[in-house]
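Heads up: numbering here begins at 1 and tracks the sequence. In this text the structure is predicted, and so the values were computed from the model without any measurement.
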Amino acid sequence: MDITVSLSQAVADVLKKLYGIEADAKSIVLQDTRKEFKGDYTLVVFPYVKQARKSPEAVASEIGEAVKNTLPEVAGINVIKGFLNFEIADSYWTSFVTEKANDECYGLKASDEKEAPVVVEYSSPNTNKPLHLGHIRNNLLGWSVSQLLAANGANVKKVNLVNDRGIHICKSMLAWLRYGNGETPETSGMKGDHLVGKYYVEFDKHYKEEIKQLMESGVEEEQAKKEAPLMLEAQSMLKRWEEGDKEVRDLWEKMNGWVYAGFDETYRRLGVGFDKIYYESNTYLLGKELVQKGLDMGVLFRKEDGSVWCDLTGDGLDQKLLLRKDGTSVYMTQDLGTALLRHKDFGAERLIYVVGNEQDYHFKVLKLILGKLGFEWADKVYHLSYGMVELPNGKMKSREGTVVDADDLIDEMEKTAEEMSREHGKNDELSPEEQKHLYHILALGALKYFILKVDPTKNMLFNPAESIDFNGNTGPFIQYTHARIRSIVRKAGEASTSEIQNSKFEIGEKERGVVKVLHAMPETIAAAAAAYSPAQVANYAYDLAKAFNSFYQDTPILKEENAELKHFRVQLCAMVANALKNTMNILGIEVPERM
């Protein structure tokens, strides 16, 4: 049994026996002992002092002695005022390592395919532009949260909703018709998503010029935005699309096809994927049916201009538009339809939407409307709200062409990884093919780790130069640590499969520190999954790599003369390498065998 579980149960039993205090073992909080004190786990006894009617020091001493007499794993105790520190015997730690060293799935729970799935939606791109840095955070977070939940035993389904229709798509289509001269990905040499994004920017440029001209003729700015000929034509195109106009639909299919091919290439490079892809063009009609249902139920209402709304003022919000006056749908319309379709497809235990925090209001409204429409599963909708990504030079704007393109960023990261690797001499023994693969996984490791180590709820500043450093809290530092450990295990010439016959040897303080970090891995993954926070896993991996490097610098491994102790240390190395591989895999990061 895990020593923390045993300790908690022993403390609960002692509290009842000594003081008549009823305490559930799960409510007993044990902390890691602070480094300046001797011990492994600390119990704060102040909550029990009043009922025990004794001083904190007396209560701590009595509990400690009683637990020590109960648990052979407790080698000693010490009391600092109301803090009781338990020192765990070396034999427990060595037994833990020898028992778990060859468990490749240590810390992970098998996913139960029989359980109702947890559906995680992420990416959700618009087909009017390529993926950019903001999409990268979304994709990496969605993929990693999916991996994390699966590592904690959930049956996870990864889905993507492609926003393939709407006014923004029509803007790119119209600009291509006006200014494209028949340009294609083949004739331009551009990826399809880049080409379509080029015309989204082109639309905005000409649209702003029309607004300027109207304002110069005396039209107010807001009115000019509505009356600009390009915008009116784009709105007309959207209406024709919803009416099934063949010419508009054919152009839409052609340009979206270009974008999908581009997206697939970027997803492949990022190492993310999906179990199912939904398209807004296939779900918005179901959303419209739900709107009609809401009208029939009296939950929604129609204004004089024909637009349809939901009144949420009684819920502390405002009125929400669901259909425009011309009958065209909005984002909320298709999200209602997609939610229902997804529920029918999966019967999900949870529906998790990985979407930026600027959409917090949107998902509050989505849950409320689904509830008002009578869907009991509305409470299963969960918005995993995350902060924005900025660069040192500020925010990005797609329509102004100031975004950091995902493909360009990956290219730049790979180039930087190559330069840094050559500078540090970390690729000298590799073949050209192995070097190319190493640069790619280092680049992606740097990018993914730098983004995922930040708590999802926080805004973040992405600095490419800092992310790829081989020192500090970075992906490459952890990747290099893994490669170093694998080298040690190979040089040891043993797979660490035999059992240690005599585990009475002492282990050093830094050695013990590594074992304790490993010991906390299952609990860390469970807590991270509960919080939907890959950041907790990322920072755990860093703590483990840091603890190992401190141990490695201070402790002989291959040169250890005691054969039993040497074998134990090789086992410990193998276990650390496996833990780093598994935790980094949750983040979608590959770790190299050699560097």
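- Put simply, the side chain of R569 gets close to the backbone of P556: a donor and an acceptor are under 3.5 Å apart.
- Crowding of E523 atom CD: a count of heavy atoms from other residues, nucleotides or ligands under 6.0 Å not exceeding 12.
- Annotation: side chain of F274 is not in contact with side chain of V159 (no heavy-atom distance under 4.5 Å).
- Aromatic ring centres of H519 and Y92 lie closer together than 6.0 Å.
- Shown here is E104, whose CD atom has no more than 12 heavy atoms of other residues, nucleotides or ligands within 6.0 Å.
- Side chains of E121 and S124: a donor-acceptor N/O pair is present below 3.5 angstrom, by distance only.
- Smallest separation of non-hydrogen atoms from I441 and P592: CD1-CB, 3.8 Å.
- Taking SG of C105 as the start and CG of N582 as the end, the distance is 7.0 Å to the nearest 0.5 Å.
- A salt bridge is absent between E561 and K566: the closest approach of a Lys/Arg side-chain nitrogen to an acidic carboxylate oxygen does not fall below 4.0 angstrom.
- In this structure, the side chain of T474 does not engage the main chain of F470 through any donor-acceptor pair within 3.5 Å.
- Distance check: S123 OG to K158 NZ gives 13.0 Å after rounding to the nearest 0.5 Å.
- In the model, S385 has a side-chain atom that pairs as donor or acceptor with a side-chain atom of D360 under 3.5 Å.
- A salt bridge links E414 to R269: one of the charged nitrogens lies within less than 4.0 Å of a carboxylate oxygen.
- For the pair P117 and G347, the tightest heavy-atom approach, listed with the atom from each and the gap, is CD-O, 4.2 Å.
- Put simply, the side chain of T94 gets close to the backbone of S91: a donor and an acceptor are under 3.5 Å apart.
- Remark: R268 engages E265 in a salt bridge, criterion side-chain N to carboxylate O under 4.0 Å.
- Between the side chain of N139 and the backbone N or O of Y267, no donor-acceptor pair lies under 3.5 Å.
- Closest of all the heavy-atom pairs between S61 and I77 is O-CD1, 4.2 Å.
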Open item on the list: Set out, in order, the CA-CA distance, both residues' side-chain angles and the distance that settles side-chain hydrogen bond (donor to acceptor under 3.5 Å, both in side chains) for D407 and T266, then state yes or no.
Closed with: CA-CA 6 Å; D407 297 307; T266 307; 2.9 Å; yes
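- A heavy-atom distance below 4.5 Å is not found between the side chains of E511 and F548.
- Looking at S27, its side chain never comes within 3.5 Å of a backbone N or O of A23 through a donor-acceptor pair.
- Residues E390 and F462 fail the side-chain proximity criterion, which asks for heavy atoms closer than 4.5 Å.
- Between R486 and A577, the shortest heavy-atom distance links the atoms CD-CB, 3.8 Å.
- Side-chain contact between E349 and E115 is absent, with no heavy-atom pair separated by less than 4.5 Å.
- The 12-atom threshold is exceeded at NZ of K516, counting heavy atoms of other residues, nucleotides or ligands nearer than 6.0 Å.
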TODO: May I have the step-by-step check of side-chain hydrogen bond (donor to acceptor under 3.5 Å, both in side chains) for N138 and Y386, ending in yes or no?
DONE: CA-CA 8 Å; N138 181 293; Y386 65 89; 3.0 Å; yes
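- Between the side chains of T70 and D13, no donor-acceptor pair is found at a separation under 3.5 Å.
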Task: Steps toward side chain to side chain contact (heavy atoms under 4.5 Å, CB included) verdict (V119, R350) - done: CA-CA 6 Å; V119 176; R350 270 173 290 170; over 6 Å; no
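- Formation of a donor-acceptor pair under 3.5 Å by the Q479 side chain with backbone atoms of E590 is found in this model.
- In terms of heavy-atom proximity, I21 sits nearest to A52 at CD1-N, 4.5 Å.
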TODO: Please lay out, stage by stage, how L270 and I410 fare under the test side chain to side chain contact (heavy atoms under 4.5 Å, CB included).
DONE: CA-CA 8 Å; L270 277 176; I410 295 172; 4.0 Å; yes
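- With hydrogens and angles ignored, the 3.5 Å screen pairs a side-chain donor or acceptor of N539 with a backbone N or O of K453.
- Here the closest non-hydrogen pair linking G475 and M584 is O-CE, 4.0 Å.
- The shortest distance between side-chain heavy atoms of F363 and Y353 falls below 4.5 Å.
- The main-chain N or O of E87 is never found under 3.5 Å from a side-chain atom of K38 such that the two would form a donor-acceptor pair.
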TODO: Show the numbers, then the answer: is there a side chain to side chain contact (heavy atoms under 4.5 Å, CB included) between L572 and V514?
DONE: CA-CA 8 Å; L572 179 59; V514 175; 4.0 Å; yes
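- In this structure, the side chains of M460 and R137 come closer than 4.5 Å at one or more pairs of heavy atoms.
- Using a 4.0 Å cut-off between a side-chain N of Lys or Arg and a carboxylate O of Asp or Glu, E57 and K81 do not qualify as a salt bridge.
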TODO: Check the pair E22, K16 against side chain to side chain contact (heavy atoms under 4.5 Å, CB included), reporting the backbone distance first and the verdict last.
DONE: CA-CA 6 Å; E22 296 283 354; K16 183 175 182 180; 3.2 Å; yes
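- Using modelled atom types, one side-chain atom of D405 and one backbone atom of D408 make a donor-acceptor pair closer than 3.5 Å.
- How far CG of L149 is from NZ of K109: 11.5 Å, rounded to the nearest 0.5 Å.
- Side-chain contact between V517 and V576 is absent, with no heavy-atom pair separated by less than 4.5 Å.
- With contacts defined as side-chain heavy-atom distances shorter than 4.5 Å, the pair S467/Y449 does not qualify.
- Within 6.0 Å of atom NZ in K364, 12 or fewer heavy atoms from other residues, nucleotides or ligands are found, so the atom counts as exposed in its surroundings.
- Between Y382 and Y532, the gap from one ring centroid to the other is short of 6.0 Å.
- The NE2 atom of H567 lies 11.5 Å from the CG atom of L565; values are rounded to the nearest 0.5 Å.
- Taking OG1 of T4 as the reference point, atom CD1 of I28 lies at 12.5 Å (rounded to 0.5 Å).
- For the side-chain contact (heavy atoms from CB on, under 4.5 Å) with V79, the qualifying choice from V45, L84, N85 is L84, the only one to do so.
- Figure legend: K510 and Y552 shown without cation-pi pairing, the cationic atom not lying both under 6.0 angstrom from the six-membered ring centre and within 45 degrees of its axis.
- Using the six-membered ring where Trp is involved, W93 and F96 have ring planes that are perpendicular, over 60° apart on the 30 and 60° scheme.
- Here the CE-NZ distance, from M521 to K100, works out to 11.5 Å after rounding to the nearest 0.5 Å.
- One N or O on the side chain of T583 and one on the backbone of L580 form a donor-acceptor pair closer than 3.5 Å.
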